[in-house]
Amino acid sequence: MTAVAFDYTAPTTVDEALRTLHSPGLTVTPLAGGQSLLPLLTRREVRPDLVVDLNGIPGLAGIEVSPHRVRIGAMTRLRDLEQHAELATALPVLASAAASVAHPHIRGRSTLGGSLCHAAPAAELPAVAVALGADVVLRSVRGARSVPAARFATGAGATVRAPDEVLTEVVFPRADGLAYEFSELGTRGSTGYPVVGVCLGLHVADGLVRAARVVVAGCGPVPVRLPGVEAELADRPVAGPHRGLVASVAAEVARGPGPEDQEYRTEAAGVLLLRALTARAAREGR
Amino acid sequence: MSVRTVTVRVNGVVRTEDAWDHTTLAEHLRTGLRLTGTHVGCGTGDCGACVVLLDGEPVCSCLVLAVQADGREISTVEGVAGGGDLTRAQRALIEEHGLQCGFCTPGLVVRMAHAAGRGGSEADVLAGHLCRCTGYDGIRAALRKLSGGSGGDR
Ligand SMILES: Cc1cc2nc3c(=O)[nH]c(=O)nc-3n(C[C@H](O)[C@H](O)[C@H](O)COP(=O)(O)OP(=O)(O)OC[C@H]3O[C@@H](n4cnc5c(N)ncnc54)[C@H](O)[C@@H]3O)c2cc1C
Ligand code: FES
Ligand code: FES
């Protein structure tokens, strides 16, 4: 398959990339891992005049773990999220969620920034970024701004990023006292997007849920946090009973727009949440 | 839409050829360099027929631009046996009926050569490689044969 024709440029600094992206009158598109952009180009769903390759810019990739936060450069590959020893201790959910994406040769090129900018509704990492309360840093010729992950995606494949902005890094806070995990229901093992995913954060003490964070992906155009369900879980034994929880998930998700099979998806999300709670209770020995 | 000169070291040989900015590495290998062993099934990263090693790492060559490979090292199915006979993976696929039409085979052979000696799981090696013919039984038998075999990575 032959991609739509475009020009290509590979800047070596962020500033040069920003100046090139700011070309009024031209459609200019950043290229990260290319694992979503190349299919869009060969299917001719996007037709840029110019593609700006970010792969040659040093400093856009890297993982920096400090006591209160983890900064991850936009061009960090998902394989590096999977394999980074410090990250596995600091925010293990990022490593495990990254490992659920696609297959190994796609993960070797896909980037964290690309995953957030592509904003696929069921994608793993955007949901985890929302759950962890991450901030997305965007830069353009006008300067830099930081956007909470929860407000970054505005629809399926749509974000608040202006066409001439580059996502440079994602900043994850640590130590909110919750332990996070991500689980998903897929159609065919691990090789494609999941149908739905759930990111659950829990603080459990004496078998009781002290605080909870619940984000579901795949039930609507963007991942959503469910504060109602979180409140329902609070002060409840982690081992349950969790009667009515699946219905609560469905009720809270159904307030937003969703795909035709939203009913099935929300039910599946509720079941994933139940399973995650059961697994956590087993680990707590309850 | 412009043309530029792309130089790659493919299977140990330096090759310089023009490519459009929008040419994928898979197209460049097949059309520009006449290395038609690399197959294109989907062009969207789903089937794995186009997998080559780029600087030693497996990639879907349909999802990399030819210009991005400039100055880099590529191994394709034509090169995995290193000018010798066949790799152990290739022999195992033949012996265990791991191919029928052979369309998926080049990507799989490259991936198996990369996995040899690295101890990845069977599921990991097969992930991202679609085969319409074999039902995977023969391929999995070949993988088992390889992991049971002694020494060497070929
Ligand atoms: C077979 C297959 C299976 C897949 N399965 C999954 C899956 O299970 N889960 C999942 O989440 N994803 C999956 N993906 C998608 C893959 O992980 C994507 O490649 C990823 O979401 C996008 O990352 P990328 O680095 O490849 O970005 P690209 O493809 O390079 O870019 C994607 C979009 O984001 C923009 N962009 C990228 N980086 C930046 C930046 N730093 N600043 C501004 N704009 C930017 C680009 O302009 C483009 O519009 C799959 C892909 C394939 C081919
Ligand atoms: S042709 Fe590249 S993955 Fe199918
Ligand atoms: S042998 Fe025909 S697709 Fe695998």
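Naming convention: chains lettered A, B, ... in sequence-line order (proteins, then strands); numbering from 1 in each chain.
We find the CZ-CZ distance between Arg72(B) and Arg9(B) to be 15.0 Å, quoted to the nearest 0.5 Å.
Shown here for Ser140(A) and Asp164(A), the closest heavy-atom pair between the two residues is CB-O, 3.7 Å.
Neither the backbone nor the side chain of Leu50(A) comes within contact range of chain B; no heavy atom of the residue lies under 4.5 Å from a heavy atom of that chain. Proximity to chain A is limited to the side chain of Val51(B), based on heavy atoms less than 4.5 angstrom apart.
Aromatic ring centres of His114(B) and His105(A): separated by at least 6.0 Å.
A perpendicular orientation is assigned to the rings of Phe6(A) and His22(B), their planes being inclined by more than 60° (bins at 30° and 60°).
Ranked by heavy-atom pairs shorter than 4.5 Å toward chain B, the options Gly56(A), Pro104(A), Gly34(A), Gly108(A) are led by Pro104(A).
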